[in-house]
Amino acid sequence: MLGALLAAVFGLPLLALLVLAASGSGEYLAHIASTRLTEFSRSSALLAILSGAVAAIIGVSCAWIVTRFEFAGRKLFEWLLILPLAMPGYVAAYSWYALTAPGSRLEQLIGIDLPTVSGIAGAAFIFAFTLYPYVFLLARNSLEAHGRLSWDVARSLGAGPWQAFAKVGLPLIWPAVAAGTALVAMEVLADYGVADFLGVSTLTVGIVRAWSSFGDPAAAAQIAVILLFGALIFLGVERGARGRRQFVSGEAEGLQSARTPLSGANSLAAILVCVIPITLGLVAPAANLAWLAIETQPARSIMAAVQGTALLATTSGLLAIIIGLTAAFALRSGRPAATAAIRFVQAGYAVPGAVAAIAILAALVVIQAGVNWMTGGAILTITGGSIFALLFAYQARFAAVAILPCESALGKVRRELDEAARNLGATPRQVLARIHVPLAASGVATAGLLVGIEVMKELPATMILRPFDLETLAVAAHNYASDERLAQAALPALVLLAICVPATAALNLLRPNA
Amino acid sequence: MTAIPDQGQAALEIREVSCVLGGATILRDVSLSVQPGEIVVVLGRSGAGKSTLLRTLAGFEAIAHGEITLKQGIVSSPGVIVPPERRNIGIVVQSFALFPHLTAMQNVMFGLKDADRAETARRWLERVGLGDRGTAYPHELSGGEQQRIALARALAREPEIVLLDEAFSSLDQQLRQTVRGETKQLLRETGAAVLAVTHDPDEAMELADRIIVMDAGQILQAGPPEELYWQPQSVTAARLLGEINVLRGEVREGVAATSAGSFPTGDLPDGISVTVLVRPAAMRFREDPAGPIEVIGPRFQAGFQQLDVVGSNGERMRVSAGNLATVEAGTRGVVELSVNRYSLLPD
């Protein structure tokens, strides 16, 4: 019942999106179809594949090194390697562009002409080094689950280390790698900030332009439907890979033989492989931003943006806890209909923020049309630019992030604990207070924090749906950067990092896909 | 040991209870009662409906037909279900269901309400021999310790009825016997009515004053352990309690002649065919070169010897060896039967 209600509430906008897309005259779409649509689709696909491939190489190499070898600082690296996930792609893009633009201070300093980070190659570089942790996390967990028994056996059968990796190691973790890479691709498709700033015309950029420059919601909806199909393909890849992963895992638990110790040059090489992604994905762009922020007099106070971000993040975090718990209790009921409904809501994480935003606008347009038709005039004017629409879009997009930790937290509370407590005289309310809350509290808090962090970083939905007087750090940074005022963008971007990096560091092992 | 009181007011009475879960009928017309101080064990395979029976008693599941009565009155009938917390029933389940976020002491205190609850809990911890483990969390306790904490938690509220749901099955073989003995002693001391369910015949026979054999949601037979063991009323009931020989015969002049010998049939009419159920321990092999029985395989089982033998009509059976001397395959002999230790089932 609850599950069905959630599914209906979150499913409605997608339905409205289809209605709106079908209602459009198709003029703009026909126009861009003849000119830009192919380019949008091609850029999106190319960027997703390129970023995914590079991220997979980085993620798998690092995962292999930290699970199979022992070297100085291994434990620290294992933890640091996840942190670039806290770096919003667009922030990295501004910083890297400032570092490598022709005549930049860095180029003057080292006296070499660096290739400028821009275009598809530049965007893929940014995505690969900020999103590889998805692959790293899943590959690392898979490698740990498999132990190294099969690897040792392969070696004893005469395979060299590289052969063993290619013939046994990689095939075993392949499902995890595929799932991680699909997550990277989905993030790339959903991105607006990086592609827009680095001049790549992706589908998401097309949606935001159709909306903001041409004021044509139907056209935006039409492109959104195309993007949604793209995202669903990757969702299918990720789900399919996950299913197989469950099938093959748990082979050699407890059979972990020790990591191979490295020394001398080998140890240095391992450290270098770990240091490069952390540096390129987080340390270098963050340091550059800090430098820019320190030497720049801010044009105006960023307090309004801090307040806006705080408001959206905390409200969304609280909403996420409510939705996550509701969904988890519905799942716990074990009814197939409830489970199906919640799984549908969870698929929302494949819906790019821009699509979610347009879908909600579509729902509002459809409702408004309905109201107009019934009353014969505009009695009620629903606007898209309301904080409610924005909060709703966040929940539609990040519900999965909230549901998973709540689900696993409540999963710890086995049904027989409820029964034991009832049997010992506790009323249902006391069971909730004395058993459920204490056991599930940390998972529930995790859900709230994770959604809060995601909301702080989110850009396209915020751009489309925010009320005009609501400023956020992400939007402020984006607006400055779009005006080529990168030094001014540095401070809000840095504040964003100052919140997201520690929060991610604390939570990184609890991430839903970890 | 407390003597079992004769028919006073039952602590627990189940009348014609049926239970339907997810469209499947799990219990069919089950009736039984337990007296205060009595230990009744329900024996059955997994899926027989034993656990569901306990869950209806505890108030976790509703019933579709019949009624369950405790001292306080009817607690379950179609449309009526007194919630679990108002039944004063203690339960110990196979996984023990200890609360993972509470210490052993806090687990025992969970169901206690009065001011000296800490003192009561401490006393119970000592009573189960874990006075020094009160601050340990469940994951820090061994399996046996967890079982004892679960028992202490259930008994600390002084319930009139205690339910044990495969409460010893997750312990290893040797520990199981020790804990079983201790638990029985403790339960006797409290004087509670006990209903335990298990699939383990040894457990049933050791604990029970009365065994109830259940299969496919129905009660097949009920009675004292010895009676059930030697005189099972169906092949299914017989097999649940241990090895059994199933012999065929026909009644003629007051006896049923089988390949193992003749069994008195009482007042069964001549000419009908019967199935005879008899335990290997009630059949003793004696060597006799002219006997109708041939040994096909000696078997050694811890401490005593059994023989697989075949009768003149080809019926195979298992009997106990007469003495500890090794009997070779191919030896011929006869079977001596114990008086009254068999069942006759007319076809």
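Because the structure is predicted, anything quoted here is derived from the model rather than measured. Order of the sequence lines sets the chain letters (A, B, ...), proteins ahead of strands, with each chain counted from 1.
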>> Please check this pair: side chain of Arg157(B) against backbone of Asn423(A), looking for a donor-acceptor N/O pair closer than 3.5 Å.
In response: yes
> So with a 6.0 Å cut-off around NE2 of His101(B), is the heavy-atom count from everything else above 12?
Replying inline: yes
> What part of Leu98(B) lies closer than 4.5 angstrom to a heavy atom of chain A: side chain, backbone, both or neither?
Replying inline: backbone
>> Please rank Ala420(A), Pro438(A), Ala426(A) by heavy-atom pairs under 4.5 Å with chain B and give me the top one.
In response: Ala426(A)
> Is Glu158(B) atom CD crowded by more than 12 heavy atoms from other residues, nucleotides or ligands, each under 6.0 Å away?
Replying inline: no
> For the side chain to side chain contact (heavy atoms under 4.5 Å, CB included) test, which of Leu439(A), Leu424(A), Val413(A) pairs with Phe99(B)?
Replying inline: Leu424(A)
>> If I take atom CG from residue Leu54(B) and atom CD from residue Glu419(A), how far apart are they, to the nearest 0.5 angstrom?
In response: 11.0 Å
> Pick from Val431(A), Ile435(A), Asp418(A): which one has the most heavy-atom pairs with chain B under 4.5 Å?
Replying inline: Ile435(A)
>> Atom CZ of residue position Arg15(B) - does it have more than 12 heavy atoms of other residues, nucleotides or ligands inside 6.0 Å?
In response: no
>> Closer than 3.5 angstrom, by distance alone: can the side chain of Arg434(A) be matched with the main-chain N or O of Phe110(B) as a donor-acceptor pair?
In response: yes
> In this structure, are over 12 heavy atoms from other groups packed under 6.0 Å from Lys113(B) atom NZ?
Replying inline: yes
>> Tell me which of these, Pro159(B), Gly59(B), Gly111(B), Ala150(B), has more heavy-atom pairs under 4.5 Å with chain A than the rest.
In response: Gly111(B)
> Based on non-hydrogen pairs under 4.5 Å, which of Glu85(B), Arg153(B), Arg86(B), Arg55(B) is most in contact with chain A?
Replying inline: Glu85(B)
